[in-house]
Asker: 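Okay, here's the structure, questions in a sec.
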Amino acid sequence: MNDGQQRAPYLRMSGIYKHFPGVKALNGVDFRLFPGEVHALMGENGAGKSTLIKVLTGVYSIDRGDVELGGRAVTIQSPEQAQGAGISTVYQEVNLCPNLTVAENIFIGREPRRFGHILWKEMNRKAEQLLHDRLLLQIDVTQPLYMYSVAIQQLVAIARALNISAKVLILDEPTSSLDRNEVQQLFKIMRKLKEDGLAILFVTHFLDQVYEISDRITILRNGEFVGEYEATQLPRIELVSKMIGKELELLSELPKAGSVERSGPQEPLLEAIGLGRKGAIEPFDLLLGKGEVVSLAGLLGSGRTEMARLFFGVDRPDQGRLQLNGTADGIHSPRQAIDEGIAFCPENRKTEGIIDDLTVRENIVLAMQATRGWLRRMPRKKQDELAEQYIRMLNINPPNPEHLVKNLSGGNQQKVILARWLITQPKLLILDEPTRGIDVGAKAEIQKLVLSLAQQGMSVLFVSSELEEVVRVSDRIVVLRDRKKVKEMQDDIGQQQVMQAIAGG
């Protein structure tokens with residue numbers, strides 16, 4: 001790697017602030033990008049990565065701060081202006097036109113013309129030359145884009161970026177839909193572009209890939225700048241601790257909370273055998289016992305939510321099998337999962353959990369009504385009784401069942417979703433980030449509830465980014481990294497051991 005300290009950065013962002021109502025998305029963030037380097041931008045969900053990229057590409061305006069390109073101050077107010085300044089972005093979902101040819105996608109809006117007519121042969125020739133010379137790719141550029149794999153489509157998107165004389169190339173999760181061979185081909189091209197002097201901003205959740213391809217790493221956390229590091233000088237365990245926000249010295253000092261006495265697993269409830277889904281999570285084995293809390297630990301993008309979705313039937317596996325109560329029937333849909341006594345509280349409560357314009361009562365009885373069928377309406381008196389019972393039990397505030405759920409705090413909205421599923425008296429409760437974005441008091445209440453439910457015989461699959469609560473509530477911890485189950489831990493589990501397993505290497 002070239003020594004960035006001996007050169008001037010091509011891109012410099014200094015003291016960047018971006019606020020939304022009630023949210024400090026970026027709070028004085030700094031970022032530098034040098035020509036001829038791959039720079040990984042790292043951080044957990046909500047760290048500010050996407051906001052920083054949208055500021056850089058003109059999707060958002062900044063509230064305060066300075067941006068320099070090539071040593072000159074710039075104000076980028078639109079994506080078109082960003083492209084004109086030599087900044088191009090290739091997103092995880094390729095935003096090209098699949099019905100157009102490869103050449104048309106590369107040159108769209110900039111087709112070579114004479115007297116107003118497109119010079120098709122010249123455009124096709126230039127497209128072939130660009131793909132061959134810059135991206136080591138030989139394909140028929142007259143074929144529609146949809147004829148090619150996602151990996152090829154991403155290379156076409158990169159070719160389009162290069163065709164507009166990009167000096168900064170932003171690759172936002174480019175490897176999420178690629179297999180190992182396709183990732184290696186992309187990395188080969190990234191190294192070539194780096195040698196050509198291109199500055200590449202690389203966003204990914206895969207730690208192995210960060211260390212394989214990146215020269216420099218910048219870490220954001222909660223909208224703030226944590227630090228910039230050379231990849232060779234930042235051990236994996238330190239990268240993870242800085243992303244999560246717990247220094248190793250402090251982790252070892254945090255006491256494990258006293259847990260409720262539990263009988264532990266009595267007999268198998270749900271068992272995954274070689275279960276997997278291509279592009280989502282590699283095949284894994286996992287046994288869930290009755291009355292047991294099993295937590296899924298790992299960084300964002302490690303495969304935790306993908307595993308949970310397979311158990312609830314939201315996604316269908318293409319490998320292995322799922323056994324429920326010892327039978328190999330599996331779970332084929334969320335409706336079947338509900339019928340079998342499985343409940344799922346999703347990670348994104350705003351879009352997948354609460355129904356904004358319904359009351360607390362209506363949200364609470366939603367799942368129970370679904371099990372009855374919409375033709376058998378639950379009597380209003382029964383709705384009121386159930387709503388009041390669970391509002392008291394979970395301490396939902398304000399305790400008014402006719403309050404619109406969208407007007408509740410995040411923690412109380414989460415309790416409403418929990419109430420909805422607890423009414424159905426499930427055998428297995430899947431909780432995906434149940435305490436994200438809620439206050440400390442509400443977190444403690446939910447953790448206590450999880451332990452209490454397990455004591456009563458309910459199984460819980462608990463997904464959380466917070467290692468302290470994972471260690472606090474779990475009988476077993478399953479560690480995932482880069483969409484693989486890498487370790488299963490039990491007995492005297494500490495946060496430091498879990499973090500070490502997450503970091504790997």
Side-chain angles (χ1 to χ4, degrees), residues 1-20 24-43 47-91 95 106-110 130 134 157-172 174 190-203 214-220 223-231:
M1 186 189 80
N2 295 322
D3 185 4
Q5 303 304 324
Q6 303 302 317
R7 304 172 291 143
Y10 180 73
L11 166 70
R12 186 192 299 272
M13 306 177 78
S14 306
I16 303 297
Y17 287 81
K18 180 62 184 177
H19 294 183
F20 299 103
K24 292 182 179 180
L26 296 174
N27 197 26
V29 169
D30 298 331
F31 182 75
R32 303 185 304 167
L33 187 58
F34 291 86
E37 79 165 358
V38 176
H39 193 136
L41 182 61
M42 302 292 290
K49 304 189 301 294
S50 295
T51 305
L52 187 68
I53 288 174
K54 287 178 179 178
V55 162
L56 178 58
T57 55
V59 177
Y60 295 152
S61 60
I62 59 176
D63 298 334
R64 196 162 85 241
D66 301 301
V67 179
E68 295 180 7
L69 283 174
R72 299 178 59 183
V74 296
T75 302
I76 300 172
Q77 297 179 318
S78 70
E80 292 75 20
Q81 191 177 354
Q83 285 195 358
I87 301 171
S88 285
T89 307
V90 176
Y91 294 98
N95 54 346
I106 292 174
F107 284 93
I108 192 166
R110 300 181 310 281
L130 175 61
R134 300 296 303 275
I158 292 173
R160 173 174 164 77
L162 297 176
N163 188 49
I164 60 173
S165 302
K167 293 183 173 62
V168 173
L169 179 63
I170 301 170
L171 299 177
D172 190 0
M190 288 171 66
R191 292 186 183 100
K192 184 179 185 303
L193 295 175
K194 184 176 77 167
E195 290 171 4
D196 293 342
L198 199 65
I200 302 174
L201 195 167
F202 179 51
V203 180
S214 302
D215 301 303
R216 196 181 305 272
I217 300 169
T218 286
I219 302 171
L220 303 182
E224 298 187 349
F225 174 77
V226 175
E228 176 194 287
Y229 311 89
E230 293 199 17

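Note that this is a predicted model, so its numbers are computed, not measured.
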Asker: Strictly by ring pair (Phe, Tyr, Trp, His ring centres under 6.0 Å), give each pair with a member in residues 65-89 just once, sequence neighbours left out.
Answerer: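 For residues 65-89: none.
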Asker: Identify the two heavy atoms, one from Tyr10 and one from Pro35, that lie closest to each other, and give their separation to 0.1 Å.
Answerer: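 Heavy atoms of Tyr10 and Pro35 come nearest at N-CD, 3.7 Å.
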Asker: Taking atom CG of Leu130 and atom CZ of Arg160, what is their separation to the nearest 0.5 Å?
Answerer: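 Here the interatomic distance stands at 12.0 Å.
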Asker: Distance from Leu198 atom CG to Glu37 atom CD, nearest 0.5 Å?
Answerer: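 Separation between the atoms: 11.0 Å.
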Asker: Measuring from Leu220:CG to Phe225:CZ, what's the distance to the nearest 0.5 Å?
Answerer: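 Between Leu220 CG and Phe225 CZ, I get 8.0 Å after rounding to 0.5 Å.
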Asker: Any side-chain heavy-atom pair from Thr51 and Val29 closer than 4.5 angstrom?
Answerer: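 No, their side chains stay 4.5 Å or more apart.
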Asker: Using the side-chain contact (heavy atoms from CB on, under 4.5 Å) definition, which of the options Leu52, Leu26, Leu33 pairs with Met13?
Answerer: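 The passing option is Leu52.
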Asker: How would you list, by chain and number, every residue that makes a salt bridge (charged side-chain N to carboxylate O under 4.0 Å, His left out) with Arg191, sequence neighbours excluded?
Answerer: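 Only Glu212 meet the salt bridge (charged side-chain N to carboxylate O under 4.0 Å, His left out) criterion with Arg191.
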Asker: Taking only residues two or more places apart in sequence, or in another chain, which ones meet Asn27 in a side-chain hydrogen bond (donor to acceptor under 3.5 Å, both in side chains)?
Answerer: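 Result, side-chain hydrogen bond (donor to acceptor under 3.5 Å, both in side chains) vs Asn27: Glu224.
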Asker: How close do Val38 and Lys194 get, counting heavy atoms only, and between which atoms?
Answerer: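 Smallest interatomic distance, heavy atoms only, reads N-CD, 3.8 Å.
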Asker: Please report the interatomic distance OG(Ser214) to CE(Met190), rounded to the nearest 0.5 Å.
Answerer: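 If we round to the nearest 0.5 Å, Ser214:OG and Met190:CE are 7.0 Å apart.
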Asker: Specify the closest pair of heavy atoms between Phe202 and Pro174, including all atoms of both residues, with the distance to one decimal.
Answerer: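 Closest approach of Phe202 to Pro174, heavy atoms only: CE1-CG, 3.6 Å.
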Asker: Using a 3.5 Å cut-off and no angle test, enumerate the donor-acceptor pairs between side-chain atoms of residues 69-90 and protein atoms at least two apart in sequence or in another chain.
Answerer:
| unit_1 | atom_1 | unit_2 | atom_2 | d |
| --- | --- | --- | --- | --- |
| Ser78 | OG | Gln81 | N | 3.1 |
| Gln81 | OE1 | Gln77 | N | 2.9 |
| Gln81 | NE2 | Thr75 | O | 2.6 |

Asker: Which pair of non-hydrogen atoms, one from Leu169 and one from Ala161, has the smallest distance, and what is that distance?
Answerer: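 The pair with the smallest heavy-atom distance is CD1-CB, 3.8 Å.
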Asker: Looking only at heavy atoms, which two atoms of Ile106 and Asn163 are closest? And how far apart?
Answerer: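 Closest pair (atom of Ile106, atom of Asn163, distance): O-ND2, 3.6 Å.
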Asker: Just wondering, do Arg32 and Glu68 contact through their side chains at under 4.5 Å, heavy atoms?
Answerer: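 Side-chain contact under 4.5 Å: no.
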Asker: Once you round to the nearest 0.5 Å, how far does CG of Leu201 lie from OG1 of Thr218?
Answerer: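 Going from CG on Leu201 over to OG1 on Thr218, the span is 8.0 Å.
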Asker: Under the rule for ring-ring contact (aromatic ring centres under 6.0 Å, His included), what residues qualify as partners of Phe31, not counting sequence neighbours?
Answerer: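 For Phe31, the residues satisfying ring-ring contact (aromatic ring centres under 6.0 Å, His included) (neighbours in sequence not counted) are His39.
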Asker: Using salt bridge (charged side-chain N to carboxylate O under 4.0 Å, His left out) as the criterion, list what pairs up with Asp196, not counting sequence neighbours.
Answerer: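 If we apply the salt bridge (charged side-chain N to carboxylate O under 4.0 Å, His left out) test to Asp196, skipping adjacent residues, the hits are Arg134, Lys192.
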Asker: Are Leu56 and Leu11 packed together at the side-chain level, in the sense that at least one heavy-atom pair is separated by less than 4.5 angstrom?
Answerer: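 With C-beta onward as the side chain, the pair touches.
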Asker: Sequence neighbours left out, cut at 3.5 Å: what donor-acceptor pairs do the side chains of residues 57-64 make with other protein atoms?
Answerer:
| unit_1 | atom_1 | unit_2 | atom_2 | d |
| --- | --- | --- | --- | --- |
| Thr57 | OG1 | Ile53 | O | 2.8 |
| Asp63 | OD2 | His19 | N | 2.6 |

Asker: Just verifying a value: how many Å separate Ile170 CD1 and Asp172 CG, rounded to the nearest 0.5 Å?
Answerer: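 One gets 8.5 Å once the value is rounded to the nearest 0.5 Å.
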Asker: Output all residues satisfying side-chain hydrogen bond (donor to acceptor under 3.5 Å, both in side chains) with Ser50, sequence neighbours left out; order by chain, then residue number.
Answerer: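 side-chain hydrogen bond (donor to acceptor under 3.5 Å, both in side chains) check on Ser50 returns nothing, list empty.
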